[in-house]
Amino acid sequence: MINIVQDVRAFVVAAIDDLISQGVLPQGLDLARIAVEPPRDPAHGDLATNAAMVLAGAVKQNPMALAEQIAPAMMAREIETGDYCGHGLVVTPARPGFLNIRLAPEVWHAQLRAVLRAGTSFGDSRLGAGERVNVEYVSANPTGPMHVGHGRGAVVGDALSSLLAKAGFAVHREYYINDAGAQVDILARSLYLRYCEALGEDIGAIPEGLYPGEYLVETGRALAARDGGKWLDRPESEWLGPLRDFAIEEMMALIRDDLTALGVHHDLFASERRLVNEGAIDECLAALDRRGLIYTGVLEPPKGKTPEDWEPRPQTLFRATQFGDDVDRPLKKSDGSWTYFAADIAYHRDKFRRGFANLIDIWGADHGGYVKRMQAAIRAVTDGKAALDVKICQLINLFDKGAPVRMSKRAGTFVTLREVIDEVGKDVFRFIMLTRRNDQPLDFDFAKVTEQSKDNPVFYVQYAHARAASVMRHATEAFAPAELSDTALIDAPLDRLTDPAELALIRQLAQWPRLVEGAAEAHEPHRIAFYLQDVAAQFHMLWNKGRDEATLRFILASDPELTRARLALVRGVAIVVASGLAVIGVEPVEEM
RNA sequence: GUCCCCGUAGCUCAGCCGGAUAGAGCAACAGUUUCCUAAACUGUGGGUCGCAGGUUCGAGUCCUGCCGGGGACGCCA
């Protein structure tokens, strides 16, 4: 009875099966569409099912009449099996044909016990059944430190990975290093200048088209320290390769540091260059070619915004249109090297060959136009056996006290991810990243996110956990520590929890397993952040009620048994909050 | 021109494989406030869910068209 909603649904189906075996309802009904969910209006009970409305058509009865038959069948089953404490289930047919289900308080008390028993593993699910999922995220070019936009992708990918793991998937986290394209050559040239600079040469301004970032100054010095002046008067053809290797290694070290600071880790850093060197791209495209999916053709110029230097030219194209894309896509550049797309096809094929049919990529907003072609390519390359879901992360708008923080790489007012983390802390950054859906732009205000007030969701949720811990600390004045452990509190007289606000809070906690499954299926980690805010709000509300009404306080010197029951609830809140924060990757605090 | 995302209260946004009278925070208004942790609390008002059709027992949610905002659109990644 870990997932109450799932459990009740099974019960509803069982009751309908009873009616079928009694001959009241016909055989062969499709029960798949039967849903059980908590109604919006609490007056409609704890849970509601649409069973009667869904079956009405097949049974040729009106939904209300059918509901009138199912309701007693459910209650009869309950009395017979005692699944919900016996007589603990009241089913009421309602207007269009809903069946409103009210569960006895004992059922909810049992839920709270389940929370205490499970600890932060409460909400773990077997939904994924161990299926392998590959989540690729960040994949920032190794040309400099990460910016806040990368940070968003990092958090979304990391939280989604943890969420899927909690839901029972075998998650593999990957970072794709774009270390083979023209960008890393530019990086190498930029480094060469800094290297010369480190050896005392006057390099003047960094030319247009190279990376001007200060972060390369130190890399230049490091290179000078390692190699001395050996590259100084050599032609580019000699130093380009070695400097590129050095630069990539240094940049990746920088990026890994940033990721560590953010608490993000990957299982695999996959190198594009390695795929190129191993011939994986040639092999992959040869395979496509054999199937007639590659041809030489001339593309229409893009409508609306035709580049000035446009000229029709035959290209090596992939028949993406055969797999749902809008146009066929180029695989080779004019200099004969593979496009990024070509390499990416090979990379995704490689993932599939490593045993992943369930692929998720986290991309920045600027890659939105790339989704269809990648999905098309994956269909082609895996024969439709793998599916790719792409989560697009929208931009972050930085503010400070309401004033926009202008960012420009050229003007040097570029804000790196590291600066933000150092300023507000990784936990704040991570939580805020999930306070919007990933495909929605996000405002990030340095002043607001560190504010200690109800308006700040991070603070609000953290404070709920800290407040729970505080209550437990207070309780040590009246109880021995052994009496306050979660195992001890399982045996507290939970039937003393009768206030509607207390029961509402337990119901909220009991939603956690269902929320995990829903969020995991939808690939939407932000739901966790929203849920935690709801839990925190209910908990704070209950705490505040104790200010007006002393009898509702958690700790009552006059009634140790009731106090223990309420402490069990307090612990339940702390456990669920901690369980949710663990998925997001935020440390729950004991005090603030 | 094509494709993708978005359009929900004055503002910022949720809305869980369609479900019953569409929610939260902020702002506004009205009150309360020395209380287990203080960084407030309680309550009230406020929405043709961009527009128009369609699908069905039922649509903010699905389909089509339009309007508006953002983004992408050969040899960048």
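Chain A is the first sequence line, chain B the second, and so forth, proteins listed ahead of strands; every chain is numbered from 1.
- Among the nucleotides A20(B), C76(B), G15(B), the one closest to any side-chain atom of Glu524(A) is G15(B).
- Of the residues near RNA chain B, Ile555(A) and Val54(A), the one whose nearest nucleotide (by heavy atom distance) lies more toward the 5' end is Val54(A).
- Taking atom CG of Asp344(A) as the reference point, atom C1' of C75(B) lies 17 Å away to the nearest angstrom.
- Checking the phosphate oxygens (OP1, OP2) of A77(B), a side-chain nitrogen or oxygen of Lys333(A) falls inside 4.0 Å.
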Query raised in the report: Reading nucleotides 2-9 of chain B from the 5' end, what letters show protein touch, with B for base, S for backbone sugar-phosphate only, - for no heavy atom under 4.0 Å?
Result: -S-SS---

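- The two residues Tyr460(A) and Ala536(A) come nearest to each other via the heavy atoms O-CB, 3.9 Å.
- Ion pair Lys545(A)/Asp499(A) flagged as a salt bridge, since at least one NZ, NE, NH1 or NH2 atom sits closer than 4.0 Å to an Asp/Glu carboxylate oxygen.
- The Gln452(A) side chain lies nearest to A39(B) when the options are G15(B), A39(B), C75(B).
- The base of A39(B) has none of its N or O atoms less than 3.5 Å from a complementary donor or acceptor on the side chain of Asn456(A).
- When each of Asp366(A) and Tyr460(A) is assigned the nucleotide of RNA chain B with its nearest heavy atom, Tyr460(A) is the one assigned upstream, toward the 5' end.
- Here the closest non-hydrogen pair linking Ala48(A) and Asn100(A) is CB-OD1, 3.6 Å.
- When distances are taken from the side chain of Ala48(A) to each of A20(B), U37(B), A77(B), the shortest belongs to A20(B).
- In this structure, Tyr370(A) forms no aromatic stack with the base of A72(B), since the conditions of centre separation below 5.5 Å and plane angle below 30° are not both met.
- Contact record, Ala71(A) with Leu99(A): CB-CD2, 3.8 Å, taken as the closest heavy-atom pair.
- Stacking of Lys391(A) on the aromatic ring of Trp363(A) is not recorded, the 6.0 Å distance cut-off and the 45° axial limit not both being met.
- Between the CE atom of Met53(A) and the P atom of A59(B) there is a distance of 13 Å, rounded to whole Å.
- With A20(B), C73(B), U37(B) as the choices, the nucleotide that has an atom nearest any side-chain atom of Arg95(A) turns out to be A20(B).
- Under the 3.5 Å distance criterion, the side-chain polar atoms of Arg566(A) are matched with a main-chain donor or acceptor of Arg553(A).
- Between Leu515(A) atom CG and C17(B) atom P there is a gap of 11 Å when expressed in whole angstrom units.
- The base of A72(B) does not come close enough to the side chain of His367(A) for any donor and acceptor atom to sit less than 3.5 Å apart.
- As a whole-Å value, the separation of Ile248(A) CD1 from A77(B) P is 13 Å.
- The separation of A38(B) from A28(B), taken at their P atoms, amounts to 25 Å, rounded to a whole angstrom.
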Requested in this report: Both distances under 3.5 Å, Watson-Crick or G-U wobble: on that basis, could you give the dot-bracket string for RNA chain B, with [ ] for crossing pairs and | for other-strand partners?
Outcome: (((((((..((((.....[...)))).(((((.......))))).....(((((..]....))))))))))))....

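- For an aromatic pair to be called close, the ring centres must be under 6.0 Å apart, and Phe539(A) with Phe554(A) satisfies this.
- Annotation: cation-pi pair Arg373(A)/Phe318(A) absent, no NZ/CZ under 6.0 Å from the ring centroid and within 45° of its normal.
- By the stacking rule of 5.5 Å between ring centres and under 30° between planes, Trp543(A) stacks on the base of C36(B).
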Report task. Please report the C-alpha distance between Lys448(A) and Glu451(A) in whole Å, then the side-chain angles of each, then the deciding distance to 0.1 Å, and finally whether the salt bridge (charged side-chain N to carboxylate O under 4.0 Å, His left out) criterion is met. Result -> CA-CA 5 Å; Lys448(A) 279 187 186 162; Glu451(A) 192 176 272; over 6 Å; no

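- For Arg514(A) against C16(B), a side-chain-to-base donor-acceptor contact under 3.5 Å is present.
- Evaluation of atom-type donor-acceptor distances gives no pair under 3.5 Å for the side chain of Arg547(A) against the base of U33(B).
- When distances run from any side-chain atom of Ser334(A) to the nucleotides A39(B), C75(B), U37(B), the shortest one goes to C75(B).
- With hydrogens and angles left out, the side chain of Arg553(A) and the base of C35(B) share no donor-acceptor pair within 3.5 Å.
- In this structure, Asp400(A) contributes its side chain and Ala403(A) its backbone to no donor-acceptor pair below 3.5 Å.
- For Ser453(A), whose side chain is taken as the heavy atoms from C-beta onward, the closest listed nucleotide among A40(B), C16(B), A39(B) is A40(B).
- A distance-only check finds a donor-acceptor pair linking the side chain of His348(A) to the backbone of Asp344(A) [under 3.5 Å].
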